[in-house]
Amino acid sequence: MEHTSDEKPEIGDEVIVELLLKEITELVIDQGLLSGKALKEDRVTNFVHPEKLKKLVDLSLGDSPLSHHEIFELCKQAVEYSVRTNHPKFLNQLYHGADPVGLAGAWLSEALNTNLYTYEVAPFFMMVEHEVLAHLRSFIGWEDGDGIFTPGGSLANMYGMVLARFNKFPEVKTKGMGNIGELVAFTSQEGHYSILKAAHWIGLGTDNLVMVASDSSGRMIPAELENKIVKALEQKKVPYFVNATSGTTVLGAFDPLEPLAFICKKYDLWLHVDAAWGGGALVSQKHRSLMHGIEMVDSVAWNLHKMLGAPLQCSAFLTKHTNVFHRCNSASATYLFQTDKYYDMRYDTGDKSIQCGRKVDAFKLWLMWKARGNRGLEKMVDNALECSKYFTRQLSQRPGFRLVIANPSFTNVCFWYIPPRWRNSPETPEWWETLSKVAPAIKKRMVEKGSLMVSYQPLVHKNMVNFFRLALHCQPPPTHEDMDFVLNEIERLGRDLDNIH
Ligand code: ABU
């Protein structure tokens, strides 16, 4: 795409840049990209295969600058070929549309291009981060503590594993792991894969992450955890860390925190909770009991970009310990964290982070929390939970739909769709093998039509073949009408799959 001389001035022109920014803002509004503003007739996705997309869009980068018009056309193409995550029928992942007030905050902090390492360069945002972390901790029940915003829940979980190790073996920071024995961490079979990756990254080795069995609803079984800890001790290994999950990725299960905390206390292990998904329950008086015992744990990962709908990414790592976090991670770079500064250096949060440069993620959350208040967010969480209960009830009454778990704890509703011919047949291994092909076939159809996106997966350790997982969120607020649509659409897309093999 070469520009022509009559299309000058170029994009470098200040006025043109301002125009482009205004046009992009209008594009976002006119195209219904704000959460709650998707048009009914909009497709969730306009899926094209990668090779075709390469032909439709000029992705190449070259010597010549493009004109303003050409740049804007590319922005329109970005919208055209992106998934409309703000669409009420995008129910595919644990994140969803971005809270529009949060989006405004994200835009502003992007424009300010602030790097969150010292108070000196980020005075306002440092104070905001400090306040937001304290507010999040108050929902856990901690009056005091520490924490940081991280680029995603995987990193927040890794912070937990590293802090736990430092707490028990501070000498690891300087001497390495050579003299402390073989460390072992524990998580449930349903735990997020980031714990496995972290076991590799922090030098435990993936064999030293022990998977603990879960019950039929996906909750870690405390007695199984204790058995595994005892076994590791018998093998002369060094148990040090347990990851519990509040809101498992697929089944939405909440591990029983109180009994797990007692076990961890007995064996002197750090209890971390991956509440990346389920943390949203904490803002609801009605549903926070799902995390009963949360105040007893050592650290928590909470992704505010999931249930609550803050723009991606917005993840917090929180701990009740006040004096280990900075000591654990600090490197005291003298060009940033001078010790003879002219202000209160406790706000130079950057040295607690594993990153150097760090985006401002707290501000967008702070702004939306200001705009909605605790009460507004609570209402949204309650609505998402209520809609998932409605969906579960409707599904249970429909022929051809079967729940994976009879009473889902959270907004994950997992289910199979069984095409008419297979409904009254004996459920032999072949029957299940056939059923495993139904969800992928329906998924392909829904994406090609662009009407709906719901994810599917098998759960191999539970011997379950491919099933759908619906996940509801705060943004945009789901409705009963949306829920009816999902069931009707899956039926429409799947009822002629009788002959699938
Ligand atoms: N971090 C888990 C995300 C998986 C999902 O969105 O389905």
Q: For I354, look at atom CD1 and say whether over 12 heavy atoms of other residues, nucleotides or ligands are found less than 6.0 Å away.
A: no

Q | Check: A276 main-chain N/O paired with N303 side-chain donor or acceptor under 3.5 Å | A | no

(Q) Taking K54 first and then E51, would you say they form a salt bridge - that is, a charged N and a carboxylate O separated by under 4.0 Å? (A) yes

Q) Between R372 and E378, is there a salt bridge with N-O shorter than 4.0 Å? A) no

Q | Counterpart residues, side chain to side chain donor-acceptor pair (under 3.5 Å), relative to K364 (two or more places apart) | A | D361

Q: May I ask you to check whether S284 and D382 show a side-chain donor-acceptor distance below 3.5 Å?
A: yes

(Q) Under a 3.5 Å cutoff, is there a donor and acceptor pairing between the side chains of W270 and S299? (A) yes

Q: Please work out which of the three classes, parallel, tilted or perpendicular, describes the rings of Y347 and Y119, given edges at 30° and 60°.
A: tilted

Q. Side chains of L155 and F149: closer than 4.5 Å at any heavy-atom pair?
A. no

Q.
Quiz question: by atom type and distance under 3.5 Å, do the side chains of H135 and N374 form a donor-acceptor pair?
A. yes

Q. Between K266 and E226, is there a salt bridge with N-O shorter than 4.0 Å?
A. yes

(Q) If you apply the rule salt bridge (charged side-chain N to carboxylate O under 4.0 Å, His left out), what do you find for K286 with E386, and how did you get there? (A) CA-CA 11 Å; K286 200 165 166 190; E386 193 282 322; over 6 Å; no

Q: Decide if atom NZ of K52 counts as having more than 12 heavy atoms of other residues, nucleotides or ligands within a radius under 6.0 Å.
A: no

Q: With H272 as reference, evaluate D298, V297, V300, N157 under the side chain to side chain contact (heavy atoms under 4.5 Å, CB included) test and give the passing residue.
A: N157

Q: Examine F254 together with F410 and report whether their ring centres are nearer than 6.0 Å.
A: yes

Q) Aromatic ring centroids of H321 and F325 under 6.0 Å? A) no

Q | Ring centers of W416, W432 separated by less than 6.0 Å | A | yes

Q) So, Q475 and N86: side-chain donor and acceptor under 3.5 Å apart, yes or no? A) no

Q. Between K443 and N466, does any side-chain donor sit less than 3.5 Å from a side-chain acceptor?
A. no

Q) Do S451 and E489 get their side chains close enough for a donor-acceptor pair, meaning under 3.5 Å? A) yes

**Q.** CA sep, side-chain torsions, deciding dist, call: E258, H292, side chain to side chain donor-acceptor pair (under 3.5 Å)
**A.** CA-CA 7 Å; E258 197 178 60; H292 179 70; 3.3 Å; yes

(Q) Parallel, tilted or perpendicular, judged at 30° and 60°: which one describes the rings of W366 and F124? (A) perpendicular

Q) Salt bridge check: are K228 and E224 linked by an N-O gap of less than 4.0 Å? A) no

Q: State plainly whether the residues D144 and R137 are in salt-bridge range, i.e. N to O under 4.0 Å.
A: no

Q. Should K359 and E110 count as an ion pair when the cut-off is N to O under 4.0 Å?
A. yes

Q) Taking NZ, NE, NH1 and NH2 as the nitrogens, is one of them in D482 or K89 under 4.0 Å from a carboxylate oxygen of the other? A) yes

